[in-house]
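Throughout, residue positions are numbered sequentially from 1 according to the sequence presented.
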Amino acid sequence: MSRLHHLSVLARTTALVCGLFTCLVVFGGEAAAQSRIKDITNFEGIRDNLLVGYGLVVGLNGTGDDIGDAVFTRESLIGVLQRLGVNARDDDLDTDNVAAVMVTANLPPFSRQGSRIDLTVSAIGTSNSLQGGTLLVTPLMGADGEVYAVGQGPIAINGFSAAGNAETITRGVPTVGRISNGAIVEREIDFDLKELQSIKIALKNPDLTTAQRIADAINQQLGGNSATSTDPSTVQVNVPDRYRGNTVAMLTDIELLPVRVDSPAKVVIDEKSGVIVIGNEVRISTVAIAQGNLTVKITETPQVSQPNAFSNTGNTEVVDRTQIEVTEDEDRRLAVLPSGVTLQEVVNGLNALGVGPRDMIAILQSIKAAGALQADIELL
């Protein structure tokens with residue numbers, strides 16, 4: 001067998017072992033830290049606006065609200081019928097094909113009248129499923145109470161529910177659905193981007209160093225001192241004379257600029273799932289670590305004690321028998337992590353201890369308590 005074949009087999013074996021055992025892995029590097037400005041910031045005025053509305057879904061196959069229990073569904077249905085010229089106020093309504101819903105949508109920036117947006121429809125009553133339903137005309141309002149879009153159309157859901165006399169099967173969430181292009185924009189949000197004399201850029205993850213690097217990159221691109229970092233989350237850019245009346249062109253030149261993102265030293269721990277994320281800037285002072293497990297096993301084996309045969313004295317009694325076993329790991333060694341080690345060296349040292357994610361969480365918290373972990377620990 002050739003040496004090249006040996007190396008190929010060794011590589012496949014190593015990959016298999018890493019797939020079978022949980023390891024703490026390092027992601028990233030200097031090249032990966034380069035990000036475009038458009039990916040790490042938001043530009044002033046270029047954002048979505050949230051819309052919400054209340055409506056009725058009709059055409060359900062017996063899976064709608066119970067009119068007797070859902071008073072808001074009953075009153076809404078009566079109101080709709082009266083607007084259509086049907087007097088149902090004095091009648092005893094009994095239908096299970098109607099459901100009251102809340103309708104939500106995102107109004108994209110610079111949406112124009114007549115453009116369409118997607119809707120999310122969610123039941124708020126006793127409806128079991130919105131499958132096969134159609135949303136009636138529903139005004140969608142913004143935070144200012146004004147109507148910005150009107151939605152209507154058939155609902156598509158991802159889940160379903162089927163029930164019999166003795167069993168019910170539900171897959172997904174049948175009480176939530178979507179209507180693709182289900183709303184028409186009726187009102188535009190006035191915002192004249194091209195006439196701005198200055199614009200603010202907001203960082204998604206505020207950081208002083210990153211804000212200054214963004215300002216430096218913009219100044220290098222535009223020339224002069226057009227950009228200034230005013231705080232960890234904001235960079236203000238004054239529009240140069242050559243871009244006056246054409247701010248869009250300036251933003252196009254800015255948003256593609258690469259910037260090396262900086263972040264504080266932080267360790268994020270999700271104890272519920274055992275996930276640990278260690279930032280690239282995390283450093284550890286000289287510390288020695290030992291990890292071992294102490295297992296105490298208690299076994300209860302009740303036994304029956306009976307008197308001798310044909311004995312006239314004595315009673316049958318249950319006698320407790322308890323066995324206790326104590327097991328302590330003896331192959332755990334003390335490991336030393338030197339001062340100022342990098343993230344890769346921290347990972348190598350923790351992996352060398354052979355501990356799992358749960359034990360690693362305890363180790364990191366203990367290192368922090370000893371004052372040797374130069375980073376913040378954030379628990380999710």
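- Asn128 and Thr63 share no side-chain donor-acceptor pair at under 3.5 Å.
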Show me the side-chain donor-acceptor pairs of residues 149-156 shorter than 3.5 Å, one per line, residues at least two apart or across chains.
residue: Gln152; atom: OE1; partner: Val137; partner atom: N; Å: 3.1

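- A salt bridge between Glu255 and Arg36 is absent, with no side-chain N of the basic residue lying under 4.0 Å from a carboxylate O of the acidic one.
- Looking at heavy atoms from C-beta onward, Thr120 lies out of side-chain contact with Ile179 at the 4.5 angstrom threshold.
- Looking at Met250 and Val239, their side chains come closer than 4.5 Å, going by heavy atoms from C-beta outward.
- Note on Ile199 and Ile40: same hydrophobic cluster, where clusters join Ile, Leu, Val, Met, Phe, Trp and Tyr whose side-chain heavy atoms are under 4.5 Å apart, directly or indirectly.
- For the residue pair Thr138 and Gly53, the shortest heavy atom distance occurs at CG2-C, 4.1 Å.
- Nearest heavy atoms, Leu60 versus Gln131: CD2-O, 3.8 Å.
- Here the side chains of Ile67 and Arg74 are in contact, with some heavy-atom distance below 4.5 Å.
- To the nearest 0.5 Å, atoms OG (Ser122) and CZ (Arg178) are separated by 10.0 Å.
- Residues Asp216 and Gln212 bring a donor and an acceptor atom of their side chains to less than 3.5 Å of each other.
- Listed for the Asn219 side chain is a donor-acceptor partner under 3.5 Å among the backbone atoms of Ala227.
- Using a 4.5 Å cut-off on side-chain heavy atoms (C-beta onward), Asp207 and Pro232 make no contact.
- Between the Ser127 side chain and the Ser129 main chain, a donor and an acceptor come within less than 3.5 Å of each other.
- Smallest separation of non-hydrogen atoms from Leu140 and Ala183: CD1-CB, 4.0 Å.
- Closest of all the heavy-atom pairs between Ala123 and Val101 is CA-CG1, 4.0 Å.
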For residues 75-82, tabulate all N or O donor-acceptor pairs below 3.5 Å that involve a side-chain atom, not counting sequence neighbours.
residue: Glu75; atom: OE1; partner: Arg89; partner atom: NH1; Å: 2.9
residue: Ser76; atom: OG; partner: Tyr54; partner atom: OH; Å: 2.7
residue: Ser76; atom: OG; partner: Phe72; partner atom: O; Å: 2.7

